Q: 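My questions will all concern the structure given below.
Reminder, nothing fancy here: chain letters follow the sequence lines and each chain counts from 1. All values derive from a computational prediction rather than experimental measurement.
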Amino acid sequence: MFPRPIQQRSQTAQWVYAIALPLALILWLFPLLGVAITSVRPASDLAQGNYFGWPSYIAFENYADVFRNTPMLQYIQNSFIVTIPTVIGSVALSLMTGFALAVYKFKANLILFFMFVAGNFVPFQILMVPVRDMTLSLGMYNTYWGLALFHIAFQTGFCTLFMRNFIKALPFELIEAARVEGVSEARIFWYIVLPLMRPAIAALSVLIFTFIWNDFFWATVLTTSPEAQPITAGLSSLNGQWVAAWHLVSAGSILAALPPVAMFFLMQKHFIAGLTLGAVK
Amino acid sequence: MSAYWKANQRRLAPWLFLAPGMLMFAVYVIIPIFQSMWISFYDWDGLGEATWIGTANYVEMTTDPNMRKSFVNNIIWLVLYLLAVPAGLFIAIFLNQTVGGIRLYKSLFFFPFVISQVVVGLIFSWFYAPGFGLFYKVIEYFNGTGIAILADPDLVTYGIIAAGLWPQIAYVMILYLTGLNNVAPDQVEAARLDGAKGWKMLYYVILPQLRPATFIAVVVTVIGALRSFDLVSIMTSGGPFGSSRVLSYYMYETALSEYGYRMGYGAAIAVVLFAIMMVFISGFIWKMWRDETER
C-alpha cells in the first residue's frame with residue numbers, strides 16, 4: 001500500500017493526520033459551505049452586512065421564496081422529464097450496440113467502435129448550428145423531446161464504449177455454448193447477456209443521470225422558456241434577475257445540486273465504478 | 001426467407017443490433033460535424049438565404065482580435081487545467097489511508113464533481129464577489145485593498161480556471177484513488193525492503209503502475225479544458241470587455257447571442273476548435289487502437 005499506512009507511523013504523525021483530515025475537508029468544501037449557509041441566511045442579515053457570522057435565524061423562507069416567486073418547481077420537473085428518458089434511451093441503445101461490437105467479428109467492427117468513442121469527445125459547438133436547425137425544423141425546439149433526443153444520441157457514444165468493454169470482459173464460452181445448442185442471437189442477447197449486465201446498467205444510469213441533469217450548454221441552445229427549460233438553464237436566467245440577492249441564488253443552487261448529490265450518495269459504488277472504468281488495467 | 005435468416009443470422013444480427021444506435025448517432029453527431037464544415041463556407045443568419053463566400057470566414061478569423069483573445073485564453077486554460085493532474089494525485093495520496101470514516105471523507109472530497117458547473121460557477125461568483133466575497137475579504141486583509149477578480153480583465157480568466165479546477169481535481173482524485181487501490185502490494189513491499197521511500201518510491205514504483213489512471217486523467221482534463229463553456233457563461237458571459245472569452249463561448253456568442261446570428265462565422269470557429277480537439281482525440285484513439293489490436 002502506498003503511502004505507508006498511518007498506523008505504522010509515530011503517534012505524533014497519527015495525531016497530525018487526524019487533525020489535518022477534517023481541516024483539509026473544510027478548506028476544500030469552504031465555498032460550498034458558505035453557499036449552503038447563505039441559503040438559510042435571512043435577507044435582513046445580508047442587508048446589515050452579516051455575511052459570515054451565524055445567521056440570526058435559520059431562514060427556510062428563502063427556499064419558500066424561490067418556489068413561490070419563480071418557476072423553480074417547473075424547472076425541476078423539466079429536468080426530470082428530460083433526464084429520465086435520456087437515461088433509458090441511451091442505455092437501451094448502447095446495450096445493443098455494445099453487444100454487437102463486443103460479440104461479433106466483422107470488418108467494420110473496430111472502425112465503428114472508434115467512431116462512437118471519437119464522437120463522444122467532439123466539442124459541442126461543432127454540432128450546435130446543425131442540431132439546433134434540425135430541432136427547429138422538426139418542430140421540437142423548446143420541447144422536452146428535442147432536448148432528450150439529442151442527449152440520447154450523443155450519450156450513446158460514451159455508453160457504447162462502456163457497454164462494449166463490459167460485455168467483452170464476460171466469459172465468451174457462455175455465448176459459444178448457447179450457439180451450439182442452437183439458441184438464436186436475439187435470445188442470447190436477451191436471456192444470457194442482459195441478465196449479466198445489471199452492474200453496468202446501474203453504473204451507466206447514475207452517470208448519465210448526473211451528466212444530463214448538469215448539462216447547461218444544450219439546455220441553453222435547445223430551450224428558451226420555463227415550459228421546457230431544465231434547472232441549469234433556469235438557474236442561469238434567474239441569476240440574471242436576482243442581481244446580488246445572494247440568499248436566493250444560494251437556495252436555488254442548493255436545490256439544483258440536490259438530485260445528483262442524492263443520486264451519488266445512494267449509488268456511490270456504481271457511480272465510481274462507472275467513472276473509473278479504464279483507470280486500472 | 002426463414003431459411004435465409006437461419007443461414008445468415010450470425011452475419012446479419014450485428015447490423016440489426018447496431019442499426020438504431022448508429023442511426024441516432026449518425027443523425028445527431030456524425031452528419032452535423034460535416035454540415036458545420038459546410039456551413040462554415042457560407043454567410044448565413046440562420047433564417048434567410050445563405051451565401052457562399054468560400055474561405056472568407058477563415059480569412060476574417062486571422063485578423064479578428066476576439067478570436068485571438070479566445071485562442072490565447074484557451075491555451076491558458078489548457079496549461080493551467082493540467083495542474084488538476086498532480087493536484088488530484090496529491091489529494092488521492094493524502095486520502096489513501098484506512099482510518100475511521102475515510103470513506104465518507106473520500107466521498108465528500110469528490111463532491112464538487114457531482115454538482116453542476118452552473119452551481120460551481122455561482123458558488124465561485126459568490127466567493128469572489130467584490131465587497132463581501134470571502135476571497136475578496138482575505139485579499140483585503142493581507143493587501144489593504146480587495147481585488148474584484150471577475151471584473152479585472154487581466155485576472156478574470158485565472159479566476160474562472162480556479163473554479164474549473166475545483167471539480168476537475170476531484171475527478172482526477174477519484175481516478176487515482178482507484179488506481180492506488182490496485183497498486184501491487186508485493187512490489188511496494190519489495191521496494192520498501194530495498195530502502196525506497198517517499199518521492200523515490202512514488203516516482204519509480206508507484207507512478208509507473210498508475211499509468212492507465214494518468215492517461216485517462218490527462219485525456220479528460222484536456223477535453224474538459226477545451227470544452228469550458230458553462231463557467232465562462234455563468235460567471236462573466238465572456239466579460240469584462242470580452243477578456244474571458246474562450247473559443248467555445250465565442251462561437252456561441254457569434255452564432256446565437258445578441259451580437260448577431262452569424263451562423264457561418266460561428267461554424268468556422270467551431271471547425272477550428274474541432275481541429276484542435278481532433279489532435280488530442282486522434283492521439284487517444286491511436287493508443288486505444290494499439291491496445292485493441294495487440295490483444
Q: Rounded to the nearest 0.5 Å, what's the gap from CG on A:N214 to CG on B:D230? Could you check?
A: 9.0 Å
Q: Look at B:E189 together with A:R4 and state whether they make a salt bridge at an N to O cut-off of under 4.0 Å.
A: no
Q: How about CZ on B:R103, more than 12 heavy atoms from neighbouring residues, nucleotides or ligands closer than 6.0 Å, or not?
A: no
Q: Relative to chain A, which segment of B:I285 carries a heavy atom at a distance below 4.5 Å: side chain, backbone, both, or neither?
A: both
Q: Given a strict heavy-atom distance threshold of 4.5 Å, which part of B:F229 is in contact with chain A: side chain, backbone, both, or neither?
A: side chain
Q: Is B:F94 close to chain A through its backbone or its side chain, or both, or neither, when contacts mean heavy atoms under 4.5 Å?
A: both
Q: Tell me every residue that passes side chain to side chain contact (heavy atoms under 4.5 Å, CB included) with B:A92, counting only those two or more places apart in sequence or in another chain.
A: B:M173, B:Y176, B:L177, B:L180
Q: Determine the interplanar angle of the A:F99 and B:F17 rings, folded into 0 to 90°, and report it as parallel if under 30°, tilted if 30 to 60°, perpendicular if over 60°.
A: perpendicular
Q: Less than 4.5 Å to any heavy atom of chain A: does that hold for the side chain of B:I39, its backbone, both, or neither?
A: side chain
Q: Under 4.5 Å heavy-atom distance to chain A, tell me which part of B:F109 shows up: side chain, backbone, both or neither.
A: both
Q: Checking the side chain of A:N239 only, and the main-chain atoms of B:L122 only, is there a donor and an acceptor separated by less than 3.5 Å?
A: no
Q: Top residue by heavy-atom pair count (under 4.5 Å) with chain B, among A:W213, A:F154, A:F265?
A: A:F265
Q: Quick test of your reading: applying side chain to side chain donor-acceptor pair (under 3.5 Å), list the pairs with at least one residue in residues 97-116 of chain A, sequence neighbours left out, ordered by first then second residue.
A: A:T97-A:T160, A:Y104-A:E185
Q: Chain A heavy atoms under 4.5 Å from B:V188: which part of the residue, side chain, backbone, both or neither?
A: side chain
Q: Determine, stepwise, if the pair A:F264 / B:F110 fulfils ring pair (Phe, Tyr, Trp, His ring centres under 6.0 Å).
A: CA-CA 10 Å; A:F264 168 65; B:F110 184 60; 5.2 Å; yes
Q: So for B:K137, is it side chain, backbone, both, or neither that comes closer than 4.5 Å to the heavy atoms of chain A?
A: side chain
Q: Just by distance, no angles: are the side chains of B:Q9 and A:S184 close enough, under 3.5 Å, to form a donor-acceptor pair?
A: no
